[in-house]
Amino acid sequence: MRTLTDEQREKWTIDGYICLEQVFDPAEVAHFSTQLDEIRTKPGWEPMGDPRGHYGWVDGAADQDPEGFMDRRDILSYDQAFIDLIDRPEVFDLVVDIMGPYILLSMTQAIVRASTPDFLGYTHTDGGEALRRIRVTETSLPLAMKALYLLSDVSGTDNANFTVFPGSHIRPFPENANPIITPHTPGAVQLSGKAGDCFLFSHSLWHGPAPNGSGRARKTLLYNYCQLFMRAYDFETKSNVMDHCTPRQRRLLGDLGHDFRPGDFFYAPVDQVEAIRTPDGAE
Ligand SMILES: O=C(O)CCC(=O)C(=O)O
């Protein structure tokens with residue numbers, strides 16, 4: 001399996017993120033982009049307001065304009081390409097190098113950030129209120145991390161750039177500062193990238209979207225991975241796409257090869273390392 005270069009490892013450790021250029025070719029970008037336009041018309045999970053970060057089942061996105069806002073969760077069932085992306089080697093190999101083999105895919109998401117003066121951007125860590133307060137050390141495996149795939153070119157600033165505070169994954173951060181931390185606070189870096197690029201970042205890195213004044217929507221896909229002792233949070237027990245997955249993908253979705261029993265997810269099946277390191281999975 002691929003591993004991080006020394007330079008990527010150093011950047012990951014110090015900054016808490018790395019950029020992988022051109023993971024998708026233009027045809028793949030076009031395919032995923034079209035898929036996002038179609039998902040919008042279909043039922044699925046979208047933000048429900050209160051409480052923050054919870055999703056409710058809707059018949060379709062509130063805005064049916066392909067350039068309008070969409071935030072759809074648990075996207076695997078919409079197209080086989082979303083399933084294949086679970087363990088796409090160019091990215092997944094590096095996830096395993098960073099996280100180790102005892103991992104789950106914990107959530108998938110498609111976001112369209114509309115170009116609008118009404119959205120000011122925001123900054124957060126992943127994993128909710130508790131995980132925000134847990135920062136592992138430089139030498140520790142992360143508890144969770146995300147792959148963000150750009151489906152749109154992003155350049156300049158305030159064009160829906162993925163925005164990070166480099167190094168904030170290992171430092172106390174003034175989360176309750178007044179005025180609040182935004183994508184314009186000193187220390188924020190609004191990243192540029194091309195459609196097809198992928199950012200890998202730690203759950204504890206302070207990050208978020210910048211406002212979008214570009215005049216066009218910015219589309220992304222997000223895949224989150226966590227340690228096995230944590231849990232997937234896109235579905236209650238088992239994903240509904242298991243029948244379309246390889247053994248390795250099923251393992252990543254929490255199929256340990258037997259019915260649930262106490263001890264599961266803390267101690268892994270004996271074939272866990274082989275299952276994760278083998279592209280088509282190990283039966
Ligand atoms: O839309 C973005 O650029 C950021 C998404 C984000 O903040 C996240 O995935 O947690």
Side-chain angles (χ1 to χ4, degrees), residues 15-20 23 29 32-33 36 39-40 45-47 52-55 61 63 67-75 82 85 91 95 105-116 118-132 134 142-166 168-169 173 175 180-185 188-214 216-226 230 232-234:
D15 288 342
Y17 73 96
I18 56 175
C19 177
L20 310 176
V23 168
V29 170
F32 283 121
S33 189
L36 263 57
I39 283 177
R40 181 186 291 281
W45 297 102
E46 298 260 344
R52 184 162 57 119
H54 284 222
Y55 287 67
D63 191 342
E67 291 285 301
F69 172 74
M70 181 181 79
D71 175 355
R72 186 63 60 96
R73 281 281 290 275
D74 196 10
I75 61 173
F82 292 125
L85 196 53
V91 173
V95 169
L105 175 76
S106 43
M107 75 102 176
T108 56
Q109 187 174 25
I111 298 180
V112 180
R113 298 253 173 237
S115 177
T116 165
D118 299 334
F119 177 67
L120 303 178
Y122 61 91
T123 309
H124 66 294
T125 58
D126 285 335
E129 297 92 340
L131 210 44
R132 165 171 303 186
I134 300 174
L143 291 172
M145 64 177 285
K146 217 177 241 174
L148 179 154
Y149 298 90
L150 277 180
L151 301 177
S152 314
D153 293 342
V154 179
S155 60
T157 54
D158 286 351
N159 291 323
N161 313 63
F162 179 59
T163 302
V164 296
F165 286 81
S168 57
H169 62 308
F173 191 80
E175 59 178 281
I180 60 164
I181 307 289
T182 74
H184 303 115
T185 301
V189 178
Q190 296 198 14
L191 301 174
S192 296
K194 296 264 179 228
D197 291 351
C198 174
F199 296 114
L200 295 181
F201 61 99
S202 165
H203 76 87
S204 56
L205 184 74
W206 284 81
H207 68 273
N212 186 2
S214 69
R216 58 192 189 85
R218 188 222 60 185
K219 295 175 173 174
T220 48
L221 298 173
L222 297 129
Y223 281 54
N224 200 74
Y225 301 85
C226 69
M230 297 168 73
Y233 44 101
D234 261 0

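Every number for a ligand or one of its atoms is a count from 1 in the order of the listing. Note that the structure is predicted; figures quoted are calculated from it, not measured. Positions are given from 1 along the sequence.
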Which of the numbered atoms in ligand 1 are below 4.0 angstrom from a heavy atom of [X]?
{"X": "Asp126", "value": "10 (O)"}
{"X": "Lys146", "value": "8 (C), 9 (O), 10 (O)"}
{"X": "Gly208", "value": "7 (O)"}
{"X": "Arg218", "value": "1 (O), 2 (C), 3 (O)"}
{"X": "Leu222", "value": "9 (O)"}

Min side-chain heavy-atom separation [X]-[Y] under 4.5 Å:
{"X": "His203", "Y": "Lys146", "result": "no"}
{"X": "Leu205", "Y": "Phe165", "result": "no"}
{"X": "Tyr223", "Y": "Val91", "result": "no"}

- prompt: Among His124, Gln190, His203, which one has a heavy atom closest to atom 6 (C) of ligand 1?
  reply: His124

query: Which word best sums up how the rings of Phe201 and Phe162 line up, parallel for under 30°, tilted for 30 to 60°, or perpendicular for over 60°?
result: tilted

message: Regarding Glu67 and Arg216, does a basic nitrogen lie under 4.0 Å from an acidic carboxylate oxygen?
response: no

message: Tell me whether Arg113 has any N or O atom under 3.5 angstrom from an N or O of ligand 1.
response: yes

query: Would you say Thr220 and ligand 1 have an N/O pair spaced under 3.5 Å apart?
result: no

query: Can you tell me how far CG of Leu148 sits from CG of Leu221, rounded to the nearest 0.5 angstrom?
result: 8.5 Å

